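Let me begin by presenting the structure, written as structure tokens, before commenting on it.
Since the model is a prediction, treat every value here as computed from it, not as a measurement.
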Amino acid sequence: MMKSFNMYIPTRVYFGEGAIKDLNIEIKKYGNRVLMVYGHGSIKRNGIYEDVMAAFELGDITYVELSGVDVNPRLVTVNEGVRLCLSEGIDLILAVGGGSAIDCAKAIAASVYYAGDPWELVTYKTKIQKAMPLGVVLTLSATGSELNGNAVISNMQLKEKRGFSSEWMWPKFSILDPTYTYTVSQHQTACGIVDTLTHLYEFYFSAKDEAELSDAMSEAVMATVIKYGKKAMTEPDNYEARSNLMWASAVALSGMTNRGKTFEGFNHAVEHGLSAIYDITHADGLAILAPYWMEYVLDEKNVIRFARFARKVWGIVGEDDMKVAKKGIERTRRYYEYLEMPSKLSHLKIDDARFDEVIDHAFLGETVGHLKALRKQDVRRILEAAL
């Protein structure tokens with residue numbers, strides 16, 4: 001049975017080459033003072049920084065910079081952003097980057113109007129009631145954070161990494177120029193591909209949700225990512241490939257492909273445990289986990305779902321559902337190997353010494369996942385298989 005849902009997408013999207021021409025117009029709708037949030041300087045090497053500065057000058061916009069956002073954005077950076085917003089009289093927060101910069105900016109926007117510890121918002125101890133306006137200039141196709149109200153923040157003091165969501169954290173606008181991803185490295189391109197695919201898995205492989213249109217959309221997006229992912233890896237400045245990947249990553253977590261579905265959850269819950277403890281790149285962990293999870297949960301009850309995945313996404317033919325399903329999982333693994341993503345935890349110098357911490361982090365209840373509810377001993381077996 002398809003689940004009931006409410007849906008509202010409040011973000012204005014400017015998509016295509018030269019889309020940044022509308023940046024100053026959008027900013028001026030909310031004020032004149034901007035907090036610009038970005039990472040460790042790649043935007044200064046690839047020319048995007050200069051484009052943003054030109055837009056600021058054109059609109060006579062003043063700005064304050066918050067740079068150095070880490071791959072797993074830290075709570076301490078959120079706190080610094082809140083301080084700057086309050087002390088500098090900021091009107092709008094502009095994230096220039098990928099998911100890390102956007103997530104950090106979202107957390108700042110939600111925390112400005114909260115007098116307590118922002119971690120209380122991240123962990124849902126306090127509900128977000130208001131947020132500053134937020135805009136995005138996207139530089140990496142991966143997390144889809146440019147078109148949703150989700151964010152993930154790491155508290156390094158507690159060794160915790162948590163995702164949270166609020167309708168208040170949707171960007172007011174997102175600038176999506178595929179040419180801004182031409183200089184993204186092969187590994188980061190591959191990470192974006194894996195991240196996008198995993199967002200789709202998390203709802204496509206949900207339990208007993210009959211939402212045909214959502215499933216068909218997910219299959220189309222997955223097939224698109226796989227096709228153009230290969231092209232982007234070999235032709236990094238191919239506009240067709242980069243534009244399809246950029247829109248696919250945005251759509252994958254915008255809510256359009258998961259309506260009527262249940263969040264599966266295993267891959268993100270366990271990977272957040274891995275990156276909280278080991279501070280690894282999110283997609284590296286996802287690439288390792290997904291094929292092992294698929295193999296572990298595949299059974300006679302859900303084989304039809306995995307066989308459909310194999311046929312619709314990978315084009316595998318055959319009448320025996322179990323054989324087809326297993327071939328689909330193997331094709332997924334081989335594709336990740338083609339992308340040169342890590343396939344074992346040992347590739348990231350992770351052993352079993354801290355598995356208990358990883359597992360405890362992943363569990364907020366007695367089980368994790370919905371396609372097949374897994375207990376702690378199940379997750380341990382998956383992690384051990386992935387060593």
Side-chain angles (χ1 to χ4, degrees), residues 27 30-44 49 52 62-140 143 145-146 148-172 268 272-282 357 361 364:
I27 290 174
Y30 304 97
N32 196 57
R33 292 185 62 79
V34 171
L35 175 67
M36 181 178 170
V37 179
Y38 61 97
H40 289 274
S42 63
I43 63 170
K44 291 186 176 180
Y49 183 89
V52 174
T62 58
Y63 65 95
V64 177
E65 296 186 20
L66 176 62
S67 62
V69 177
D70 292 297
V71 171
N72 295 304
R74 273 49 165 173
L75 182 65
V76 293
T77 313
V78 174
N79 286 329
E80 175 61 11
V82 171
R83 186 192 69 79
L84 288 171
C85 285
L86 295 175
S87 64
E88 301 292 337
I90 298 299
D91 299 313
L92 175 134
I93 302 170
L94 181 69
V96 183
S100 299
I102 302 169
D103 285 8
C104 185
K106 286 178 177 179
I108 295 168
S111 302
V112 166
Y113 296 112
Y114 181 60
D117 184 348
W119 193 243
E120 295 173 356
L121 302 177
V122 175
T123 55
Y124 291 105
K125 291 181 180 178
T126 301
K127 185 177 180 180
I128 297 170
Q129 301 287 351
K130 188 178 181 181
M132 286 193 67
L134 163 74
V136 169
V137 176
L138 186 66
T139 66
L140 176 65
T143 70
S145 196
E146 64 274 12
N148 63 49
N150 310 329
V152 180
I153 299 296
S154 294
N155 186 327
M156 303 309 291
Q157 183 177 2
L158 300 178
K159 290 293 182 182
E160 290 190 29
K161 178 178 178 179
R162 298 297 178 190
F164 68 122
S165 180
S166 170
E167 62 183 14
W168 291 102
M169 295 197 302
W170 280 77
K172 298 297 184 183
H268 277 80
H272 284 174
L274 286 171
S275 50
I277 303 302
Y278 294 100
D279 198 25
I280 63 173
T281 299
H282 180 51
E357 295 174 70
H361 186 284
L364 298 178

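Rounding to the nearest 0.5 Å gives a distance of 8.0 Å between OG of S111 and CG of L75. A distance of 12.5 Å separates CG in L92 from CE in M36, rounded to the nearest 0.5 Å. Interatomic distance, S166 OG to K130 NZ, rounded to the nearest 0.5 Å: 13.5 Å. With values rounded to the nearest 0.5 angstrom, Y30 atom OH is found 10.0 Å from L134 atom CG. Atoms CG and CZ, from L121 and R162 in turn, are 15.5 Å apart once rounded to the nearest 0.5 Å.
Each of K161, R74, K159 was checked for a salt bridge (charged side-chain N to carboxylate O under 4.0 Å, His left out) with D279, and the lone residue meeting it is R74. For the side chain to side chain contact (heavy atoms under 4.5 Å, CB included) with I128, the lone residue among Y113, Y114, F164 that qualifies is F164.
With hydrogens and angles disregarded, a donor-acceptor distance shorter than 3.5 Å links the side chain of D91 to the backbone of N32. The backbone N or O of N72 sits nowhere less than 3.5 Å from a side-chain atom of D70 that would complete a donor-acceptor pair.
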(request) Kindly indicate, with the supporting measurements, whether the criterion side chain to side chain contact (heavy atoms under 4.5 Å, CB included) is fulfilled by I102 and L138. (result) CA-CA 9 Å; I102 302 169; L138 186 66; 3.9 Å; yes
(request) Could you check V52 against L94 for side chain to side chain contact (heavy atoms under 4.5 Å, CB included), going step by step and ending with a plain yes or no? (result) CA-CA 10 Å; V52 174; L94 181 69; 4.1 Å; yes
(message) Working note: S165 + W170, criterion side chain to side chain contact (heavy atoms under 4.5 Å, CB included); need CA distance, chi angles, decisive distance, verdict.
(response) CA-CA 9 Å; S165 180; W170 280 77; over 6 Å; no
(request) Go through the steps to decide whether S145 and N150 satisfy the test side chain to side chain contact (heavy atoms under 4.5 Å, CB included), and finish with yes or no. (result) CA-CA 6 Å; S145 196; N150 310 329; 5.8 Å; no
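The closest side-chain heavy-atom distance from I90 to L84 is not below 4.5 Å. Side-chain contact check for H272 versus H361: some heavy-atom pair is nearer than 4.5 Å. Using a 4.5 Å cut-off on side-chain heavy atoms (C-beta onward), E88 and L35 make no contact. In this structure, the side chains of N148 and K106 come closer than 4.5 Å at one or more pairs of heavy atoms. No side-chain heavy atom of T139 sits less than 4.5 Å from a side-chain heavy atom of S42. By the 4.5 Å heavy-atom criterion applied to side chains, W119 and L158 are counted as neighbours. Taking 4.5 Å as the limit, some side-chain heavy atom of N79 sits within range of a side-chain heavy atom of P118. Contact annotation: the side chain of V152 never approaches that of T143 to less than 4.5 Å [non-hydrogen atoms, C-beta and beyond].
Ring-plane geometry between Y38 and Y49 is classed as perpendicular, the angle between the planes exceeding 60 degrees on a 0 to 90 degree scale with a lower cut at 30. Between H282 and H268, the angle of the ring planes lies from 30° to 60°, which puts this pair in the tilted group.
Closest of all the heavy-atom pairs between M169 and A110 is SD-CB, 4.0 Å. Counting all heavy atoms, side chain and backbone alike, G81 lies closest to L66 at CA-CD2, 3.7 Å. Smallest separation of non-hydrogen atoms from P73 and V71: CD-O, 3.3 Å. I108 and T77 get closest at one heavy-atom pair: CD1-O, 4.3 Å. Among all heavy-atom pairs drawn from G97 and A101, the shortest one is CA-CB, 4.2 Å.
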